[in-house]
Number of protein chains: 2
Amino acid sequence: MTRHIALNKDSIHCANCMLGRICMPQKMNLTDIEHLTELIKERIRVAKGEYVFHIGNTSGAIYSIRTGAIKTQVENNCGHTQITGFFLPGEVFGLDSFTAQQHTSDAIALEDSEVCVMYTKDLNIVAQQIPSLQAQFRHLLSGEIIRSHQLLLSLGSLRSDQRVAWFILDMSARFTQLGYSSNEFILRMSREDIGNYLGLTLETVSRLFSRFQKEGLIHIQQRAIRILDHEALQSLIKYK
Amino acid sequence: MTRHIALNKDSIHCANCMLGRICMPQKMNLTDIEHLTELIKERIRVAKGEYVFHIGNTSGAIYSIRTGAIKTQVENNCGHTQITGFFLPGEVFGLDSFTAQQHTSDAIALEDSEVCVMYTKDLNIVAQQIPSLQAQFRHLLSGEIIRSHQLLLSLGSLRSDQRVAWFILDMSARFTQLGYSSNEFILRMSREDIGNYLGLTLETVSRLFSRFQKEGLIHIQQRAIRILDHEALQSLIKYK
DNA sequence: CGGGCGGTTGACCCAGATCAATCAAAGTGG
DNA sequence: CCACTTTGATTGATCTGGGTCAACCGCCCG
């Protein structure tokens with residue numbers, strides 16, 4: 001089950017969170033960050049495979065990741081799910097419920113994770129005092145729109161090998177931003193999750209990882225990936 | 001070219017716009033709507049095929065449709081475009097630039113259209129005075145996220161015939177909301193646009209319209225569509 | 001009335017799905 | 001610590017939905 005962590009006394013505040021300015025980076029001074037800390041009254045531990053929230057939940061909150069990794073997915077009426085995003089430490093998810101109504105997606109932990117909770121009602125109050133926070137949330141929201149448009153573009157226009165290359169490069173860029181090596185990291189999700197996300201089967205993903213390895217573009221051992229030829233992956237996506 | 005319409009004296013205000021409460025429906029009283037009118041200082045006419053905005057435009061505005069129809073599309077580095085949405089009168093588009101940075105999509109008129117322009121800088125000011133407007137914009141933004149998640153779900157999980165059925169029903173629902181007949185309307189876009197949007201070729205779309213007609217689900221003559229068996233279309237999407 | 005664009009229909013083909021067997025890693029319990 | 005199970009990944013063989021290419025139609029507009 002998800003474990004709630006009380007945040008009253010000596011628990012870590014935003015001001016000295018290890019993620020630094022990754023979570024809310026935009027022009028925010030230290031006093032503003034103090035306000036942000038006030039916003040996060042709750043942090044939860046979620047075990048691998050557990051839900052952070054379900055479709056229909058009316059908790060009225062958005063979430064940022066402190067440690068771990070999360071996937072979000074939507075569901076259709078015949079039970080099929082589609083993964084709409086993978087989220088890494090410092091990234092914010094659950095924005096589909098920002099309207100303070102209810103979540104239209106599930107959020108599931110890909111590994112044991114620690115997640116900060118921000119309630120939209122608190123958020124409305126604090127944001128009114130801090131204009132930069134207001135702007136930051138709009139930025140997050142349009143960022144989410146742009147992200148899903150990018151995914152749509154990939155699903156609609158790329159071949160299977162291009163999609164997988166795109167996925168690898170996207171992950172690489174995001175791990176880099178987190179301060180990890182840009183060409184050596186551990187994938188947090190299964191082949192099945194990757195396939196679902198990219199509109200492919202797990203077999204196709206596996207075959208393409210193998211092919212890329214044979215061609216010397218990457219080295220892959222289970223979920224540990226090392227990018228050997230960043231350029232080649234990049235150019236693979238370039239032309240149809 | 002796009003023609004700008006001065007909105008100083010006797011031009012129509014939001015308060016007596018024919019769309020009524022469709023454009024900004026949420027709990028907004030008449031005084032609030034007066035404020036909304038102040039927000040819309042500009043309205044533009046766009047001829048069929050013309051752009052409302054291009055990728056990279058920094059106009060810092062969002063748009064709502066008074067008459068006509070608009071498509072938005074994103075582009076990848078090899079020139080392929082992916083349509084991310086079709087918009088009808090009363091609907092708001094261009095939200096990807098709400099961050100006041102720049103548009104990451106193109107908006108193109110599917111027919112001669114009239115479009116209201118709301119600048120985000122004005123919007124920030126007015127929204128601070130009207131909390132309900134603040135909420136309304138957040139609602140629009142998360143609505144946009146939900147919409148693109150729905151599209152992702154369709155692209156990722158539905159067969160070609162299910163996608164086309166889904167498209168027809170979605171259009172039907174939206175025309176209904178506009179006060180038109182729910183089972184007889186004119187599609188505003190070409191087969192190619194529909195195909196692009198749904199991740200199919202125009203031939204596949206055409207074939208499926210024909211098949212649905214043969215099966216008695218719809219009647220289609222060019223872009224004029226009449227839904228004959230709403231139930232059957234609905235149930236087509238239900239199971240894999 | 002002729003030209004062109006958008007739409008339809010047919011024939012063929014291939015990328016990627018499906019089905020199936022095998023393998024490897026990571027638990028799990030005795 | 002080692003057998004046993006489970007889960008995830010790889011690889012091969014085969015099949016098919018929808019793409020591609022091409023011909024044709026018909027509506028609309030000048």
Side-chain angles (χ1 to χ4, degrees), chain A residues 47-49 69 71 80 82-83 108-112 154-168 186-215 218-226 236-237 239-240, chain B residues 47-49 69 71 80 82-83 108 110-112 154-168 186-215 218-225 236-237 239-240:
Chain A
K48 179 176 176 168
K71 66 173 173 182
H80 179 98
Q82 170 69 36
I83 295 173
I108 302 167
L110 292 167
E111 53 189 75
D112 295 355
S154 298
L155 294 193
S157 73
L158 300 184
R159 288 193 317 265
S160 58
D161 57 346
Q162 297 177 310
R163 290 186 209 182
V164 173
W166 174 77
F167 172 78
I168 294 170
I186 308 287
L187 295 171
R188 259 59 187 201
M189 64 297 288
S190 68
R191 300 289 188 266
E192 184 168 14
D193 280 344
I194 298 170
N196 180 300
Y197 179 63
L198 297 175
L200 303 170
T201 58
L202 69 98
E203 292 95 329
T204 299
V205 174
S206 179
R207 272 183 246 274
L208 287 168
F209 277 148
S210 299
R211 195 190 99 190
F212 288 168
Q213 176 155 246
K214 210 179 306 172
E215 295 173 350
I218 61 171
H219 180 267
I220 189 148
Q221 164 99 45
Q222 297 292 111
R223 297 187 181 188
I225 187 167
R226 189 165 69 246
L236 186 59
I237 312 179
Y239 43 81
K240 178 109 193 172
Chain B
K48 179 175 175 170
K71 67 173 173 182
H80 178 98
Q82 170 69 34
I83 294 172
I108 301 167
L110 292 167
E111 54 189 76
D112 295 354
S154 298
L155 293 193
S157 72
L158 299 184
R159 289 193 317 264
S160 57
D161 57 346
Q162 296 177 311
R163 290 186 209 181
V164 173
W166 173 78
F167 172 77
I168 294 170
I186 308 287
L187 295 171
R188 260 58 190 199
M189 65 297 287
S190 67
R191 301 289 188 267
E192 183 168 15
D193 280 344
I194 298 170
N196 179 299
Y197 180 64
L198 296 175
L200 303 170
T201 57
L202 68 99
E203 293 96 327
T204 300
V205 174
S206 178
R207 272 184 248 274
L208 287 167
F209 277 147
S210 299
R211 195 190 100 192
F212 288 167
Q213 176 154 249
K214 210 179 304 172
E215 294 172 349
I218 61 171
H219 180 267
I220 189 147
Q221 164 100 45
Q222 299 294 112
R223 297 188 180 186
I225 187 167
L236 186 59
I237 313 178
Y239 42 83
K240 178 107 194 173

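So you know, we letter chains A, B, ... as the sequences are listed, proteins then strands, and number each from 1.
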### Query
Okay, side chain of R188(A), backbone of L110(A): is any donor-acceptor separation there less than 3.5 Å?
no

### Message
How many whole angstroms separate atom CZ of F209(B) from atom P of dG18(D)?
### Response
15 Å

### Message
Quick check on the helix from dC1(C)-dG30(D) to dG30(C)-dC1(D): what's the angle between its two end axes, five base pairs per end, to the nearest 10°?
### Response
40°

### Task
Grab the CG-C1' distance between L208(A) and dT10(D) for me, whole Å please.
13 Å

### Task
Select base, sugar-phosphate, or nothing to describe what R163(A) touches, counting heavy atoms under 4.0 Å on all strands.
nothing

### Query
Between Q82(B) and N196(B), is any pair of side-chain heavy atoms under 4.5 Å apart?
yes

### Message
For a 4.5 angstrom cut-off between non-hydrogen side-chain atoms, does F212(A) reach I220(A)?
### Response
no

### Query
Do side-chain atoms of R191(A) reach the backbone of Q222(A) as a donor and acceptor pair under 3.5 angstrom?
yes

#### Entry: Contact under 4.0 Å: R211(A) side-chain N or O vs dT11(D) OP1/OP2
no

### Query
How would you label the contact of S210(A) with the nucleic acid (heavy atoms, under 4.0 Å): base, sugar-phosphate, or nothing?
sugar-phosphate

#### Entry: Whole angstrom value for the distance that separates C1' of dC27(D) from CZ of R191(B)
13 Å

#### Entry: Contact under 4.0 Å: Q221(A) side-chain N or O vs dA25(C) OP1/OP2
yes

### Summary
Atom CZ of R188(A) and atom P of dG8(D) are separated, to the nearest Å, by 17 Å

### Pairwise 5' ranking along DNA chain C for T204(B) and G199(A), keeping only the more 5' one
T204(B)

### Query
Would you call L200(A) and F167(A) a side-chain contact if the rule is heavy atoms closer than 4.5 Å?
no

### Interatomic distance where CG belongs to N196(B) and C1' belongs to dG7(C) [whole Å]
17 Å

#### Entry: Phosphate-side-chain proximity, S160(A) and dA15(C), N/O vs OP1/OP2 below 4.0 Å
no

### Value in whole Å for how far the P atom of dG16(C) lies from CG of L158(A)
11 Å

### Task
Output the distance between atom CD1 (I237(B)) and atom CG (D161(B)), rounded to the nearest 0.5 Å.
9.5 Å

### Message
Looking at E203(B) and dC21(D), is any side-chain donor or acceptor paired with a base atom of the opposite kind under 3.5 Å?
### Response
yes

### Message
Below 30° counts as parallel, above 60° as perpendicular, anything between as tilted: where do the rings of Y197(B) and W166(B) land?
### Response
parallel

### Query
Taking only N and O in the side chain of R159(B), is any of them less than 4.0 Å away from OP1 or OP2 of dG18(D)?
no

### Task
State which of dT10(D), dT8(C), dG6(C) makes the closest approach to the side chain of R223(B).
dG6(C)

### Message
Need one value for L200(B): base, sugar-phosphate or nothing, where a base atom within 4.0 Å counts as base even if backbone is also close, heavy atoms only.
### Response
sugar-phosphate

### Query
More than 12 foreign heavy atoms under 6.0 Å from CD of E111(A): is that the case here?
yes

### Message
Without decimals, in angstroms, what is the distance between L202(B) CG and dG18(D) P?
### Response
15 Å

### Query
Would you say a side-chain N or O of T201(B) is under 4.0 Å from OP1 or OP2 of dG19(D)?
yes

### Message
Using a 4.0 Å heavy-atom cut-off, does G195(B) contact any base of the nucleic acid, only the sugar-phosphate backbone, or nothing at all?
### Response
nothing

### Query
For the pair made of CD in E192(A) and C1' in dA9(D), what is the distance, rounded to whole Å?
11 Å

### Message
Given the structure, check if the side chain of R207(B) and the base of dT20(D) hold any donor-acceptor pair shorter than 3.5 Å.
### Response
yes

